[in-house]
Amino acid sequence: MRNRSVGALASAAALALLLTSCAESDRDTGDDGDGAPAGTDNATGTEPAAGGDDGASDATFVFGAAGAPTTFDPFYASDGETFRVTRQIFQNLIGIEEGGSEAVPELATSWESEDGLVWDFAIQEGVTFHDGTPLDAEAVCANFTRWADQNEAGQSPSGAYYYGNDFGFGEDSLYESCEATDELTAQVTVSRVTGKFPMVLSQSSYAIQSPTAMDEYDANGIALEGEAFVFPEYAQEHPTGTGPFMFESYDNAGGSVTLTRNDDYWGDPAGVSEIVFRIIPDENARRQELEAGTINGYDLPNPVDWQALEDAGNQVLIRDPFNILYLALNPVADPQLEDPLVRQALYHALNRQQFVTSQLPAGAEVATQFMPSTVSGWSSGIDAYEYDVEKARDLLEQAGKSDLTIELWYPSEVTRPYMPDPTRVYDAVKADWEAAGITVETVTKPWAGGYIDDTQASRAPAFFLGWTGDLNSADNFLCAFFCGDDNQFGTSAYDWHEDLQEQIAAADAEADEATRTGLYESLNEAIMSPEWLPGLPISHSPPAIVVGENVQGLVASPLTAEDFSTVTITE
């Protein structure tokens with residue numbers, strides 16, 4: 001969506017004693033000169049198509065997706081391939097600025113609080129969901145109630161993943177209540193002052209969905225069968241939001257998702273009439289499809305291909321790095337990892353500088369901690385662990401693990417912003433560990449076919465994951481990784497686990513911004529200390545998205561949160 005003018009944005013100083021954070025948005029739905037030109041009526045954009053009076057065309061934008069969505073209900077999602085699709089269907093109370101990471105109004109025109117506990121959200125007037133249900137304060141509160149009212153499967157670590165991390169369930173939940181104080185004012189009460197609220201509501205999982213459709217199609221009917229989730233009818237066939245596109249179909253056998261333009265959209269009409277996400281797991285195949293003109297773009301082209309893609313006339317849009325690639329170590333899956341000497345050895349055995357230089361694009365850098373330097377709370381006082389094979393061997397000998405054998409997991413059939421080629425990442429780490437005398441046992445699973453579920457459920461001893469920030473917040477990184485007794489790093493097995501939880505909570509609850517920043521710096525230093533070191537941060541990388549030369553209007557997002565409604569296709 002496009003906010004053509006934005007008034008006072010939500011202030012980051014939302015935690016002062018007198019907490020007032022207001023934002024206002026005025027949408028001009030008229031043409032300001034950037035209306036969609038004539039488009040196409042085929043997948044490649046080679047033929048002009050007649051457009052309507054609003055400047056929107058009949059073109060189809062075909063995007064090569066690296067993987068299938070896990071669900072079409074963003075509340076139960078935690079992966080970028082799902083959010084890329086749902087972001088076109090749904091909107092949030094709070095949005096993210098185009099091409100940036102700061103909060104802007106979306107379905108809420110303003111929000112304010114006097115004490116950081118009770119927040120009033122003014123709801124945009126005249127908005128309807130795709131099924132005709134009006135957006136009002138009651139509909140907003142129905143979403144808050146739905147989020148908190150989860151069954152056992154929904155409350156599991158990989159069920160409502162974001163909500164479990166951000167709000168939590170039960171008596172300790174951040175959420176207390178939501179009340180419609182008038183037709184267009186939703187009053188949300190939280191249980192404690194926190195630096196994450198209300199900006200956390202800009203995350204894709206907290207999209208506002210039609211209460212009518214959620215009730216009719218049992219949106220909360222998630223179930224766990226064995227180790228796999230079974231999603232209700234709503235999440236598979238009837239996702240209903242307020243966004244510029246509507247869900248049309250999912251061809252599981254053919255590997256494609258189709259969205260159609262919402263002609264009743266309350267903002268600027270989408271520049272194409274249809275989006276087709278074609279699921280093409282292999283990155284080389286995606287490139288070949290773009291070169292053949294059968295798709296209009298794809299995400300995360302391999303950095304070694306950037307120049308060739310541009311030479312062929314394509315547009316490689318490079319995002320600012322706002323991510324982290326890490327190697328997680330989980331002692332719940334392998335008790336050998338409880339020994340800090342073993343964890344230190346595994347880190348010293350990694351030649352991360354060589355990996356960054358040889359595999360990642362210009363602008364990538366070795367990570368010293370679990371967040372990029374652009375996030376407030378990053379510590380300049382942490383030195384990178386040095387690459388030292390002999391030191392790694394010595395540490396393993398001290399630990400009595402000179403013959404260490406460890407399972408190393410990596411995902412197949414996916415490309416991630418922080419991990420352009422998972423196989424090459426795995427090969428590099430495997431070679432480094434074997435050079436230090438470590439025996440590596442290989443486990444690989446499809447991203448949405450067991451990898452995410454198993455790694456989140458502490459079944460993998462050592463595995464690759466990463467994170468692209470949802471908003472400019474230290475808590476958005478650190479709590480996503482380390483909050484809770486069942487986090488992906490299995491820190492409950494360490495005697496410092498409670499200290500970690502207390503420090504995360506204390507930093508998040510600190511009202512003074514400068515003091516809060518200092519607490520996060522200290523927390524990062526503790527996490528990377530030899531005594532803690534629950535995992536191995538590897539790198540930050542500037543990912544890219546590529547589109548054909550006839551695609552206009554796409555704005556690259558450092559959060560990989562592109563809005564495809566701005567896309568047009570020229571002849």
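Predicted, not measured: the structure shown is a model, and the values here were computed from it.
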S.K.: Using ring-ring contact (aromatic ring centres under 6.0 Å, His included) as the criterion, list what pairs up with Tyr298, not counting sequence neighbours.
M.R.: none
S.K.: Check whether any side-chain N or O of Asn314 sits under 3.5 Å from a backbone N or O of Leu309 as a donor-acceptor pair, and report yes or no.
M.R.: yes
S.K.: Would the distance check show the side chain of Ser78 and the main-chain N or O of Tyr161 forming a donor-acceptor pair, the cut-off being under 3.5 Å?
M.R.: no
S.K.: Pairing donors with acceptors under 3.5 angstrom, does anything connect the side chains of Ser376 and Thr517?
M.R.: yes
S.K.: Please check if any side-chain donor atom of Asp508 sits under 3.5 Å from a side-chain acceptor atom of Thr194, or the reverse.
M.R.: yes
S.K.: Which residues pass the ring-ring contact (aromatic ring centres under 6.0 Å, His included) test with Tyr520, not counting sequence neighbours?
M.R.: none
S.K.: Using a strict threshold of under 4.0 Å (side-chain N to carboxylate O), is an ion pair present between Arg286 and Asp305?
M.R.: no
S.K.: With Arg84 as reference, evaluate Asp299, Asp79, Thr560 under the side-chain hydrogen bond (donor to acceptor under 3.5 Å, both in side chains) test and give the passing residue.
M.R.: Asp299
S.K.: Can any side-chain N or O of Asn143 pair as donor or acceptor with the backbone N or O of Ile208 at less than 3.5 Å?
M.R.: no
S.K.: Do the side chains of Leu465 and Tyr451 get nearer than 4.5 Å, heavy atoms only?
M.R.: yes
S.K.: Which residues pass the ring-ring contact (aromatic ring centres under 6.0 Å, His included) test with Phe370, not counting sequence neighbours?
M.R.: Tyr326, Phe481, Phe482, Phe489
S.K.: Do Glu283 side-chain atoms and Ala66 backbone N/O form a donor-acceptor pair below 3.5 Å?
M.R.: no
S.K.: Test your reading of the model: is there a side-chain donor-acceptor pair from Glu274 to the backbone of Arg261, 3.5 Å cut-off?
M.R.: no
S.K.: For residues 197-204, which side-chain N or O atoms pair as donor and acceptor with protein atoms under 3.5 Å away, sequence neighbours left out?
M.R.:
{"unit_1": "Ser202", "atom_1": "OG", "unit_2": "Met199", "atom_2": "O", "d": "2.8"}
{"unit_1": "Gln203", "atom_1": "OE1", "unit_2": "Asn476", "atom_2": "ND2", "d": "2.5"}
{"unit_1": "Gln203", "atom_1": "NE2", "unit_2": "Asp166", "atom_2": "OD2", "d": "2.7"}
{"unit_1": "Ser204", "atom_1": "OG", "unit_2": "Arg87", "atom_2": "NH2", "d": "3.3"}

S.K.: Just jot down the salt bridge (charged side-chain N to carboxylate O under 4.0 Å, His left out) partners of Glu291, sequence neighbours excluded, or say none.
M.R.: Arg287
S.K.: Are the aromatic ring centres of Trp119 and Tyr175 under 6.0 angstrom apart?
M.R.: no
S.K.: Under 3.5 Å, is there a donor-acceptor pair between the side chain of Ser57 and the main chain of Ala59?
M.R.: yes
S.K.: List for me each residue that meets ring-ring contact (aromatic ring centres under 6.0 Å, His included) alongside Phe72, sequence neighbours excluded, and say none if there are none.
M.R.: Phe247, Tyr250
S.K.: Kindly give the heavy-atom pair with the smallest separation between Ala270 and Phe245, and that separation in Å.
M.R.: CB-CZ, 3.3 Å
S.K.: If the threshold is 4.0 Å, N to carboxylate O, is there a salt bridge linking Arg416 and Glu81?
M.R.: yes
